[in-house]
Amino acid sequence: MLVFSKAKLVLLSVPKTGTTAYQAALAPHAAMVISDPPELKHAPVFRYNRFFRPALEKFIGTPLDVVAVMREPEDWLGSWFRYRRRPFMKGQRNSTHGIGFDDFVEAYTRGDKPSFANVGSQAKFLEPQKNGTAVTHLFRYEDQEGLRAFLQDRLGIGFDTAQENASPALPLDLSDATRAKLHRKCADEFTLWNGIGPNGRYRPLPIA
């Protein structure tokens, strides 16, 4: 997570959406860089609202814009699958060694997920809070040009990003049945994704 005090901007770090590269490029320009532990680096909206927002609003002021990136749900799961297939993961309980992507996604759609498929939810990460705290600008992972242009404009700087934490290339084939189950069981993920427009505009999911 990055905080830019002069721009009154917070960049949340949704796992597996490439924000580590933006953190590396923009850290020198940020007032705060939360890079560790992972629970704070990847603080979802509810954790940002509870632990960070009150202090930031007190010392920086309001309104604070909150920016985040979302990846197409199937592609996001593919990134997790490949990430957990790295060589040093072999033998660990979260490893995806020895299973195919179809098995991984099928396991993800279960109510009681095995540890290797328990990777969270982008929709849950980005869920608006009852007090009104929400992401104000949401970009698709594939819209790197739009995200970069937005950040350059708000921060008044130019910058380049380099690829960070690249995972090995693997086949990511899904059966029609597994893909249909993913869309049915994880409908909120696809609804949120499909509601993202240009320049960070999007349709938030209803507050639970």
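In this text the structure is predicted, and so the values were computed from the model without any measurement. Throughout, numbering of the chain's residues begins at 1 and tracks the sequence.
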Do side-chain atoms of [X] reach the backbone of [Y] as a donor and acceptor pair under 3.5 angstrom?
X      : Y      : answer
Arg86  : Tyr83  : yes
Arg140 : Glu72  : no
Trp193 : Ala123 : no

Next on the checklist: Using the ring centroid of each side chain, check whether Phe150 and His137 are separated by less than 6.0 Å.
Outcome noted: yes

Next on the checklist: Between Arg82 and Leu172, is the side chain to side chain contact (heavy atoms under 4.5 Å, CB included) condition met? List the steps.
Outcome noted: CA-CA 9 Å; Arg82 292 184 291 111; Leu172 300 174; 4.1 Å; yes

Checklist outcome for this item: Those residues at least two apart in sequence (or on a different chain) that pass ring pair (Phe, Tyr, Trp, His ring centres under 6.0 Å) with Tyr108 are none

Next on the checklist: Which residues pass the ring pair (Phe, Tyr, Trp, His ring centres under 6.0 Å) test with Phe104, not counting sequence neighbours?
Outcome noted: Phe81

Path from [X] to [Y] over hydrophobic side-chain contacts below 4.5 Å:
X      : Y      : answer
Phe51  : Phe46  : no
Leu147 : Tyr141 : yes
Ile196 : Phe125 : yes
Val33  : Leu155 : yes

Please table the atom pairs, donor to acceptor, closer than 3.5 Å between any side-chain atom in residues 201-208 and protein atoms at least two apart or in another chain.
from	atom 1	to	atom 2	distance (Å)
Tyr202	OH	Val135	O	2.6

Separation between [atom1] of [X] and [atom2] of [Y], rounded to the nearest 0.5 Å:
X      : Y      : atom1 : atom2 : answer
Thr62  : Leu56  : OG1   : CG    : 11.5 Å
Glu74  : Leu77  : CD    : CG    : 8.0 Å
Leu26  : Leu9   : CG    : CG    : 9.5 Å
Thr96  : Trp80  : OG1   : CH2   : 11.0 Å
Arg184 : Lys181 : CZ    : NZ    : 7.0 Å
Met32  : Ile34  : CE    : CD1   : 4.0 Å

Looking at [X] and [Y], what are the two nearest heavy atoms and their distance?
X      : Y      : value
Leu64  : Gly61  : CG-O, 3.5 Å
Ile99  : Arg85  : O-NH1, 3.5 Å
Thr19  : Ser13  : OG1-OG, 2.8 Å
His42  : Val14  : ND1-C, 4.3 Å
Glu189 : Gln122 : OE1-N, 3.3 Å
Phe101 : Pro171 : CB-O, 4.2 Å

Item to check | Step-by-step side chain to side chain contact (heavy atoms under 4.5 Å, CB included) determination, Arg93 to Ser115 | outcome: CA-CA 7 Å; Arg93 65 187 183 91; Ser115 59; 3.3 Å; yes

Do other residues, nucleotides or ligands put more than 12 heavy atoms under 6.0 Å from the [atom1] atom of [X]?
X      : atom1 : value
Asn131 : CG    : yes
Lys124 : NZ    : no
Lys185 : NZ    : no

Checklist entry - Are side-chain N/O atoms of Tyr22 and Gln144 paired as donor and acceptor at under 3.5 Å? => result yes

Checklist entry - Any luck finding a side-chain donor-acceptor pair between Arg148 and Thr161 under 3.5 Å? => result yes

Beyond-backbone contact of [X] with [Y], side-chain heavy atoms, under 4.5 angstrom:
X      : Y      : result
Phe59  : Ser5   : no
Met70  : Leu126 : yes
Phe190 : Leu182 : yes
Val10  : Met1   : yes
Phe116 : Ser95  : no
Val67  : Leu12  : no
Leu192 : Leu138 : yes
Asp188 : Glu127 : no

Checklist entry - For His97, which of Arg84, Gln92, Lys90 qualifies under side chain to side chain contact (heavy atoms under 4.5 Å, CB included)? => result Lys90

Checklist entry - Should Asp36 and Leu40 be marked as a side chain to side chain contact (heavy atoms under 4.5 Å, CB included) after you check the CA-CA gap, both sets of side-chain angles, and the distance that decides it? => result CA-CA 6 Å; Asp36 199 57; Leu40 294 184; over 6 Å; no

Next on the checklist: Parallel, tilted or perpendicular: which one describes the rings of Phe52 and Tyr48, with boundaries at 30° and 60°?
Outcome noted: parallel

Next on the checklist: Under the criterion side-chain hydrogen bond (donor to acceptor under 3.5 Å, both in side chains), I'd like the reasoning laid out for Gln23 against Ser35: C-alpha separation, chi angles, the key distance, then a yes or no.
Outcome noted: CA-CA 8 Å; Gln23 181 168 297; Ser35 58; 4.5 Å; no

Next on the checklist: side chain to side chain contact (heavy atoms under 4.5 Å, CB included), that's the test. Do Leu174 and Thr178 meet it? Break it down for me.
Outcome noted: CA-CA 6 Å; Leu174 283 184; Thr178 301; 3.9 Å; yes

